[in-house]
Number of protein chains: 2
Amino acid sequence: MFDSFKNAILSLIQTDQQELDQLISLCSFQKFRKNDFLSQPGKVPQEVFFISKGLLRVVVTDSKGVEHTIHFASENQFVADYSNFLLQQPAMYTLQALEPLEAVVMTRQAIDWGYQFMKEGDKFGRKVAEFYFVYQDNRVKNYYSRTPKERYELMESIFPQIHNRVPQHMIASYLGITPVHLSRLKKER
Amino acid sequence: MFDSFKNAILSLIQTDQQELDQLISLCSFQKFRKNDFLSQPGKVPQEVFFISKGLLRVVVTDSKGVEHTIHFASENQFVADYSNFLLQQPAMYTLQALEPLEAVVMTRQAIDWGYQFMKEGDKFGRKVAEFYFVYQDNRVKNYYSRTPKERYELMESIFPQIHNRVPQHMIASYLGITPVHLSRLKKER
DNA sequence: CCAAAGTCTAAACAAATGTTATCGTTTGGT
DNA sequence: ACCAAACGATAACATTTGTTTAGACTTTGG
């Protein structure tokens, strides 16, 4: 149940079975149905999810109530409203399962315990933060320097399978355009 | 010369004079004139800068040769092509001084030394990565959920002084619009 | 198995944003 | 102090992207 979670940790730091078991004893395992919400805006995030199976999207809702799908996350990825988890401020992101989903739930206590007591706890946190910084930095870079059409082609080359897993209007949203416009771009190509 | 650098570290972790002095012995101090480049695309970044005085911009150049100003950084901030520093890949960012600038230069060796030998080295790296993750996450969030006009007003409220320090075409670029359009938005307001 | 909801495409039109060119003004170098 | 370059505003026009609506097709749930 926690195997892929353990492997993810082991790929980033050196640890031992005892540390891992103690960490896992502070975590839980949770299943979600399609369309379920893992978390919603308003309350301060108290957990980070590690997806062992399934797919979800991260949504931000603007001041006019329009939803923007800004991330997809699937197997073997950590996901949360990590900014507001760190800042201990009310969440702004909605996390919604797009497929039946299974996730390890790391609570704030588990994470704090890891930083305090695991030999390479801080290194683990550093690696995760670095990984997601790089991810976000790429997003920013691409948003500035690529047209929607280029972003679409980039996404196609990186995620050839995503079309089969999520509706196109979410992909359009992810690309920062409307579904109608995405349809147009696909035709033009 | 290294005072603000020391304070920045002390605000994130606990350390002692000896650790700090050893770290600083691995760093250098460098001055740049206005318009000088701190780093340019192509070579693998080997340093992270800490700005003690002045202002710079971070630029990404797209496939058509168009420059996009994607960040400004000033006093008491760390700055680098951090993604490619971490990935050890050729830089994509240009760092250019917009004012006479003074910076502490942390080399890769200094940083690796810190992670290996400072008691809270990894924690420091974690805090920095977390800080910049939050910053980038905000950028992404705002880019998705705010119009250029809203981003302009947001920037005005956060950086009321930036107009006096950088030309408007760089601000327009930062907002993701053309200078002509920014001029229009300012008029409409 | 059917009805309802969701999905994709398409067309016509509207709004936002980009492009180019011009003109004063400011700035920087000598 | 002078001149060339950079800068910011503006207008006219072009292009991109959004909005609305409609229709065909698929999926879903009872």
Side-chain angles (χ1 to χ4, degrees), chain A residues 32-36 54-55 57 59 61-70 72 96-101 142-156 161-189, chain B residues 32-37 54-55 57 59 61-69 72 96-101 142-156 161-189:
Chain A
F32 299 89
R33 284 164 308 176
K34 184 174 175 175
N35 297 326
D36 278 357
L55 176 71
R57 66 173 181 152
V59 176
T61 305
D62 69 25
S63 57
K64 283 156 209 112
V66 178
E67 291 187 348
H68 304 265
T69 297
I70 71 175
F72 299 107
Q96 183 177 32
L98 297 179
E99 297 176 356
L101 191 137
N142 285 330
Y143 228 104
Y144 272 91
S145 62
R146 299 189 130 96
T147 63
K149 196 168 190 169
E150 287 168 337
R151 292 202 294 275
Y152 173 64
E153 282 156 6
L154 184 67
M155 192 193 195
E156 256 202 336
Q161 79 293 15
I162 196 84
H163 296 92
N164 309 323
R165 293 178 79 173
V166 320
Q168 223 140 67
H169 68 265
M170 291 181 191
I171 291 176
S173 181
Y174 176 86
L175 296 171
I177 59 179
T178 59
V180 176
H181 192 55
L182 176 55
S183 187
R184 237 182 328 227
L185 293 179
K186 285 175 62 180
K187 190 181 173 187
E188 282 173 25
R189 225 162 24 108
Chain B
F32 299 89
R33 285 165 307 176
K34 184 173 177 177
N35 297 327
D36 278 358
F37 297 107
L55 175 71
R57 65 172 181 152
V59 175
T61 304
D62 69 25
S63 56
K64 281 155 211 114
V66 178
E67 291 188 347
H68 304 267
T69 297
F72 298 107
Q96 183 178 32
L98 297 179
E99 297 175 357
L101 192 136
N142 285 331
Y143 228 103
Y144 272 91
S145 62
R146 299 189 130 96
T147 63
K149 195 167 187 168
E150 287 168 337
R151 293 202 293 275
Y152 172 64
E153 282 156 5
L154 184 67
M155 191 193 197
E156 257 204 335
Q161 79 295 14
I162 197 83
H163 296 92
N164 308 324
R165 294 178 79 174
V166 320
Q168 221 140 69
H169 68 266
M170 292 182 189
I171 292 176
S173 182
Y174 177 85
L175 296 171
I177 58 179
T178 59
V180 176
H181 192 55
L182 175 56
S183 186
R184 238 184 324 230
L185 293 179
K186 285 175 64 180
K187 190 181 173 188
E188 283 174 22
R189 224 162 24 108

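Treat the numbers as computed from the prediction; the structure is a model and nothing was measured. In the text below, chain A, chain B and the rest are named by the order of the sequence lines, each starting its count at 1. FYI, side chains are in, hydrogens and waters are out, and symmetry mates aren't considered; it's all heavy atoms of this structure.
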When B/Val180 and B/Pro167 are each assigned the nearest nucleotide of DNA chain D, the 5'-most assignment goes to B/Pro167

Please tell me if the side chains of [X] and [Y] come closer than 4.5 Å, counting only heavy atoms from C-beta onward.
X        : Y        : result
A/Gln96  : A/Glu67  : no
B/Asp62  : B/His68  : yes
A/His163 : A/Ile171 : yes
B/Val166 : B/Arg57  : no

Report task. Give a yes/no on whether any side-chain N or O of A/Lys187 is located under 4.0 angstrom from OP1 or OP2 of C/dT9. Result ->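 So the side chain of A/Lys187 is outside the cut-off, no N or O lying under 4.0 Å from OP1 or OP2 of C/dT9.
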
In short, side chain to side chain donor-acceptor pair (under 3.5 Å) pairs touching residues 166-175 of chain B with sequence neighbours left out are B/Gln168-B/Lys186

Interatomic distance where [atom1] belongs to [X] and [atom2] belongs to [N] [whole Å]:
X        : N      : atom1 : atom2 : answer
A/Glu188 : C/dT9  : CD    : P     : 13 Å
B/His163 : D/dG8  : NE2   : C1'   : 13 Å
B/Glu67  : D/dA6  : CD    : C1'   : 14 Å
A/His181 : C/dC13 : NE2   : P     : 19 Å
B/His169 : C/dT27 : NE2   : P     : 15 Å
B/Lys149 : C/dA15 : NZ    : P     : 15 Å
B/Tyr152 : D/dG8  : OH    : P     : 12 Å
A/Lys34  : C/dG6  : NZ    : P     : 12 Å

Review point. Which of residues 170-179 of chain A sit near DNA chain D, with a heavy atom under 4.0 Å from it?
Key: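 Heavy-atom contacts with DNA chain D come from A/Gly176, A/Ile177, A/Thr178.
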
query: Looking at D/dG8, does its base get a donor-acceptor pair with the side chain of B/Arg184 below 3.5 Å?
result: no

CD (A/Glu150) and CG (A/Leu185) are apart, to the nearest 0.5 Å, by 11.0 Å

When the ring planes of A/Tyr144 and B/Tyr143 are compared, do they come out parallel, tilted or perpendicular, using 30° and 60° as the limits?
perpendicular

From the candidates C/dA10, C/dA21, C/dT9, the one with an atom nearest any side-chain atom of A/Gln168 is C/dT9

Among C/dC8, C/dT20, D/dA9, the one nearest any side-chain atom of B/Ser183 is D/dA9

